Every structure is written in C-alpha cells, then in structure tokens.
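Notes for the one structure printed next.
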Amino acid sequence: MTSTRSMEGKGLHFPPSLATDADGVILPAPAGVLPTIAAAVEPSELLYFAQRLIRGARRRRRQPRWSAVNAQRMELAQLCLARALIEPIGRDPLAA
C-alpha cells in the first residue's frame with residue numbers, strides 16, 4: 001500500500017482496499033477514483049508519491065494478483081506527474 005499526505009493533512013492510501021476476489025486477485029479501485037486521489041495529494045508530495053507508486057508497481061510486476069492494481073498505480077502516477085508539471089510546488093525561483 002502506498003501512502004501520502006492530502007491537502008487537508010490526512011493520509012491517502014493506494015490501493016484504498018486490499019480486498020480480493022475468489023481467485024485471490026486484488027480488486028482495483030472503482031473507476032473514476034484516480035483523478036480524485038491525484039487531486040487530493042499535497043502539491044509538495046506529488047513527485048514523491050508518483051515515485052512510490054512506480055516503485056510499488058515495479059516490485060509486484062511479476063505477481064498476477066497485482067496486475068489490475070499495478071495498471072492503476074501507473075495511471076495514478078501519470079496523473080500526479082501531469083499535475084506536478086502544471087502546479088507550482090513552491091516559490092518560483094525565476095520570480096524577483
């Protein structure tokens with residue numbers, strides 16, 4: 001489970017649940033939840049959270065039970081990286 005801090009200061013966890021189906025495959029998060037999670041991540045944590053999502057997917061890449069969650073991890077990392085490119089993280093170093 002990958003965790004980070006939300007803009008409200010609360011913990012965010014992905015995947016939100018480790019529930020499994022009858023075959024032992026970990027169920028992915030409901031559709032439409034990923035943009036909500038990406039929007040809730042603290043701006044200063046976006047790059048670190050994306051890195052942790054990618055590392056988590058890499059560690060479990062050969063485990064079929066994690067395949068759907070790994071795909072969502074990569075999609076969520078992409079959303080976080082896109083948001084990090086758009087939003088300023090801190091003070092603009094080019095500003096006078």
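Predicted model, so just to flag it, every value in this text is computed and none were measured.
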Given side chains that start at C-beta, do those of Glu42 and Leu12 come closer than 4.5 Å, heavy atoms only?
-> no
Taking the side chain as every heavy atom from C-beta outward, state whether Ile37 and Val33 have any atom pair closer than 4.5 Å.
-> yes
Report yes if the side chains of Arg73 and Asn70 come closer than 4.5 Å at any heavy-atom pair, otherwise no.
-> yes
Gap between atom CG of Leu85 and atom CG of Leu47 - 0.5 Å precision = 8.0 Å
Just grab all the side-chain hydrogen bond (donor to acceptor under 3.5 Å, both in side chains) pairs involving residues 54-63, residues at least two apart or on different chains.
-> Gln63-Trp66
Is Gln78 atom CD crowded by more than 12 heavy atoms from other residues, nucleotides or ligands, each under 6.0 Å away?
-> no
So do the side chains of Leu46 and Leu81 get within less than 4.5 Å of each other, counting heavy atoms only?
-> no
What distance separates Ser17 OG from Leu27 CG, expressed to the nearest 0.5 Å?
-> 7.0 Å
Residues which pass side chain to side chain donor-acceptor pair (under 3.5 Å) with Gln72, listed by chain and number, not counting sequence neighbours | none
Side-chain contact test, heavy atoms from C-beta onward, threshold under 4.5 Å: evaluate it for Arg52 versus Thr4 and give yes or no.
-> no
Here the pair of heavy atoms bringing Ala38 nearest to Leu79 is CB-CB, 3.8 Å
Are any of the side-chain heavy atoms of Pro43 and Met7 separated by less than 4.5 Å?
-> yes
Hey, could you give me the OH/SG distance between Tyr48 and Cys80, rounded to the nearest 0.5 Å?
-> 13.5 Å
Connected-component partners of Met74 among ILVMFWY, side-chain separation under 4.5 Å = Ile54
Distance, nearest 0.5 Å, that separates CG of Leu76 from CG of Leu53 | 5.0 Å
Exercise: identify the closest heavy-atom pair between Pro35 and Gly32 | CD-O, 3.6 Å
Out of curiosity, Phe49 CZ to Ser6 OG, how far, rounded to the nearest 0.5 Å?
-> 11.0 Å
Donor-acceptor pair, Asp23 side chain versus Val25 backbone, under 3.5 Å?
-> no
